[in-house]
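Everything quoted here is computed from the prediction, not taken from an experiment. Here is the naming used below: chain letters follow the sequence lines, and residue numbers restart at 1 for every chain.
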Amino acid sequence: MRLSRYFLPVLKETPSEAQIVSHRLMLRAGMIKQAAAGIYSWLPLGFKVLRKLENIVHEEQTRAGHIAIQMPILQSADLWRESGRYDDYGQEMLRMQDRHGRDMLYTPTAEELVTDIFRGHVSSYKDLPLTLYQIQWKFRDEIRPRFGVMRGREFYMKDGYNFDLTKEDALHAYNRHLVSYLRTYERMGLQAIPMRADSGPIGGDNTHEFLVLADTGESEVFYDSDVVNLSLANVGNGLDSLNYDSHEDMQAIANFFTSTYARTDETHDPKIFESQVPEERRRVARGIEVGQIFYFGTKYSEAMGATVQGPDGKPVPVHMGSHGIGVSRLIGAIIEASHDDKGIIWPEGVTPFHCGIVNLKQGDEEADAACDKLYSALTALGLEPLYDDRKERAGGKFATMDLIGLPWRITVGPRGLKNGVVELTCRRTGESEELSPEAAVTKIAEIYEGIA
RNA sequence: CGGGGCGUGGCGCAGUCUGGUAGCGCACCUGUUUUGGGUACAGGGGGUCGUAGGUUCGAAUCCUGCCGCCCCGACCA
């Protein structure tokens, strides 16, 4: 993309409404524009990152054997009356009526809808296990939305629902989700720690939240410092050997990640904390919740008659769980975890453009030609560069690139070209090296091998 | 929802106390200049001052209602 043809309304000054760093940077980098309290339009750069995250979620869900569907944003209240949640769910649920006076609601979650789909089409244990998920806009009418997309009223969320014959199978689904979520976050360049949590209005005993450590997090968390060293890379034979069908493998990985003490304030137990964790490893910090998994058994299947016939011919209610990843919120979390005073620093896995190209002397024949050549070479390799071809001064171009956070930048100017070199700069470290344009392209390609 | 604050060009703000018909910086447009980390100068476009009503010869400014947004708290993926 050429910047002169793009729509990137960056701001030099911070809008006064934004308090926390991710919100400020998202506004300044022209990613979002507030439409109402807690409701945002996604501008091209923000939309691009949102799509990147969505793709990663889809890929990892597919890998785990889960199946994508799409359910409506507006639901009828009838199903919620059937489960009993219409009255239980408080003011967070946005309710409305259609022209016929029928009660409708803007989806905050979809256990009822998906259970209705299931009961209408699945009647045999032979069709299990089944996990359906969607990535869809949700709405919760928060009393006080804040922190930009981290706590908006409208948010983009992956929500998945497993249907299993037995509790044991459903717990395998639970573990499978835990592992697929860990993979998802790792690909996004995040460390999200599974912590024992409270189940809230969804109900159920078995639940973990995934938290990204950040000072601006909304939850207080307590953990053993060892937990931050855990990584999928040091599990078994590594990332690519994961066998999602193996109950044993999934259980082992789940145990590996959840046996070290890590809890939110909801479930924190000082006695266990102090007896289990040596003093020098006890940590109290804040975290941003970016996902949660639940096993809640037959709560909805019983209430809504979602049963299958078992091998013995008798109908049994299915065991269910639900699992969510806050996709739009993740953008805020990533920025909170990855920025400096100049702007955002995108991890390679989620960056909206793989590489920036800065032409220091727009209009200079040699520099223009060199930039065009770099642009085509990168594009030909399937990479997406953002070429700043505006007639701006170097300082302005650098400031924009730093703000929007592309992890790599190629700087092209007449001075370097005289010696046959361009400059490749890493956003994260600030380190630069001079090399030939060809070598720069090769290096970028190597960096993104296996990611893009 | 309790407490506090704010609505003035796209963004950040001054002007409101003490009414006299709107200003600054950034951004934008034009030109000159400059060009390797937000160059300098000159010229220019853009605002029913959130909204409705009231007071007044006259309202961004005073009074009342309403709407919107932000912060702290309770609540929450």
Side-chain angles (χ1 to χ4, degrees), chain A residues 8-20 23-24 27-28 30 33-39 43 89-93 107-110 136-159 181 192 197-202 207-212 217-219 264-266 287-294 322-330 332-333 342-343 358-364 367 388 390-403 409 411-419 421-423 425 430 432 434:
Chain A
L8 185 71
V10 298
L11 301 172
K12 217 174 198 176
E13 284 169 293
T14 304
S16 58
E17 74 215 42
Q19 302 300 312
I20 63 168
H23 190 192
R24 290 177 174 190
L27 290 169
R28 285 195 53 212
K33 181 179 191 314
Q34 180 166 319
I39 301 176
L43 306 184
Y89 228 95
Q91 294 280 299
E92 287 76 36
M93 186 153 77
T107 189
T109 176
Q136 177 64 289
W137 291 98
K138 307 292 190 316
F139 195 92
R140 285 184 200 172
D141 199 2
E142 301 285 345
I143 299 170
R144 184 155 92 84
R146 65 185 110 171
F147 304 152
V149 299
M150 295 246 293
R151 188 162 162 207
R153 291 194 291 173
E154 190 179 56
F155 55 98
Y156 205 44
M157 178 180 170
K158 174 264 172 183
D159 48 322
Y181 279 25
D198 184 57
S199 64
I202 298 198
T207 178
H208 280 86
E209 285 181 346
F210 293 78
L211 286 112
V212 174
E218 74 276 46
S219 313
T264 65
D265 49 4
E266 294 163 337
I288 301 165
E289 192 194 326
V290 292
Q292 187 160 13
I293 53 177
F294 299 91
S322 69
H323 323 86
I325 295 180
V327 179
S328 51
R329 154 178 280 212
L330 267 166
K342 292 177 189 163
V358 168
N359 186 343
L360 292 173
K361 189 156 189 175
Q362 207 69 46
D364 178 272
D388 191 343
R390 298 173 303 167
K391 286 203 169 62
E392 287 285 325
R393 295 169 54 82
K397 293 191 177 187
F398 289 142
T400 299
M401 282 294 173
D402 288 345
L403 175 62
R409 184 186 80 208
T411 309
V412 180
R415 211 178 285 172
L417 288 175
K418 258 183 213 139
N419 304 317
V421 297
V422 296
E423 192 182 68
T425 307
S432 293
E434 295 197 328

Could you identify the nucleotide paired to [N], looking across every strand shown and requiring Watson-Crick or G-U wobble geometry with both distances under 3.5 Å?
N	value
B/rG68	B/rC6
B/rG73	B/rC1
B/rU16	none
B/rG25	B/rC11
B/rU33	none
B/rC62	B/rG54

For [N], take OP1 and OP2 only and decide whether either is under 4.0 Å from a side-chain N or O of [X].
X	N	answer
A/S16	B/rC70	no
A/R144	B/rC72	yes
A/R415	B/rU35	no
A/R393	B/rG37	no
A/Q34	B/rC70	yes

Which part of the nucleic acid does [X] contact within heavy-atom distance under 4.0 Å: base, sugar-phosphate only, or nothing?
X	result
A/E142	base
A/P108	nothing
A/G395	sugar-phosphate
A/A36	sugar-phosphate
A/R153	nothing
A/A399	base
A/G332	nothing
A/T411	base
A/G326	nothing
A/G416	base

May I ask you to test the [X]-[Y] pair for a side-chain heavy-atom distance under 4.5 Å?
X	Y	value
A/V149	A/Y156	no
A/E17	A/L27	yes
A/F155	A/R140	yes
A/T425	A/V358	no
A/K397	A/L360	no

Distance check needed: [N] [atom2] versus [X] [atom1], whole Å only.
X	N	atom1	atom2	result
A/E392	B/rC29	CD	C1'	14 Å
A/L11	B/rG38	CG	C1'	14 Å
A/L27	B/rA27	CG	P	19 Å
A/Q19	B/rG5	CD	P	16 Å
A/L43	B/rC11	CG	P	13 Å
A/K361	B/rU34	NZ	P	10 Å
A/L360	B/rG36	CG	C1'	5 Å
A/K391	B/rU30	NZ	P	11 Å

In whole Å, what separates the [atom1] atom of [N] from that of [M]?
N	M	atom1	answer
B/rG44	B/rC70	C1'	35 Å
B/rC17	B/rG7	P	14 Å
B/rC62	B/rG20	C1'	14 Å
B/rU39	B/rU34	P	15 Å
B/rU18	B/rG2	C1'	35 Å
B/rG5	B/rA14	P	16 Å
B/rA42	B/rU48	C1'	32 Å
B/rA60	B/rC49	P	6 Å

Looking at A/E142 and A/R151, is there a salt bridge between them, counting it only when a charged N and a carboxylate O are closer than 4.0 Å?
yes
With 3.5 Å as the limit, what N/O pairs link the protein to nucleotides 23-26 of chain B?
unit_1, atom_1, unit_2, atom_2, d
B/rG25, N2, A/E13, OE1, 2.6

Ring-plane angle category for A/Y181 and A/F210, please: parallel below 30°, perpendicular beyond 60°, tilted otherwise.
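Rings of A/Y181 and A/F210: tilted, as their planes differ by 30° to 60°.
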Ignoring hydrogens and geometry, is there a side-chain-to-backbone donor-acceptor pair from A/R28 to A/L11 under 3.5 Å?
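Looks like yes, one N/O pair under 3.5 Å.
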Judged by atom type as modelled, is there a donor-acceptor pair below 3.5 Å linking the side chain of A/R24 to the main-chain atoms of A/A18?
yes
Salt bridge (charged side-chain N to carboxylate O under 4.0 Å, His left out) involving A/R390 - partner list, sequence neighbours excluded
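With sequence neighbours excluded, A/R390 shows a salt bridge (charged side-chain N to carboxylate O under 4.0 Å, His left out) to A/D388, given in chain and number order.
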What pairs with A/K138 under salt bridge (charged side-chain N to carboxylate O under 4.0 Å, His left out), at least two apart in sequence or on another chain?
A/D159
Go through the N and O atoms of the side chain of A/R390 and the base of B/rG38, and report whether any donor-acceptor pair is under 3.5 Å.
no
With no angle test and no hydrogens, is the base of B/rC76 tied to the side chain of A/R151 by a donor-acceptor pair under 3.5 Å?
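By the distance-only test, yes, there is a pair.
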Out of [options], whichever nucleotide has its closest atom nearest the side chain of [X]:
X	options	result
A/R146	B/rC71, B/rG36, B/rG38	B/rC71
A/A37	B/rC75, B/rC70, B/rG37	B/rC70
A/P15	B/rC1, B/rG37, B/rG12	B/rG12

Considering heavy-atom distances to RNA chain B, does A/P414 or A/E17 have its closest nucleotide positioned more toward the 5' end?
A/P414
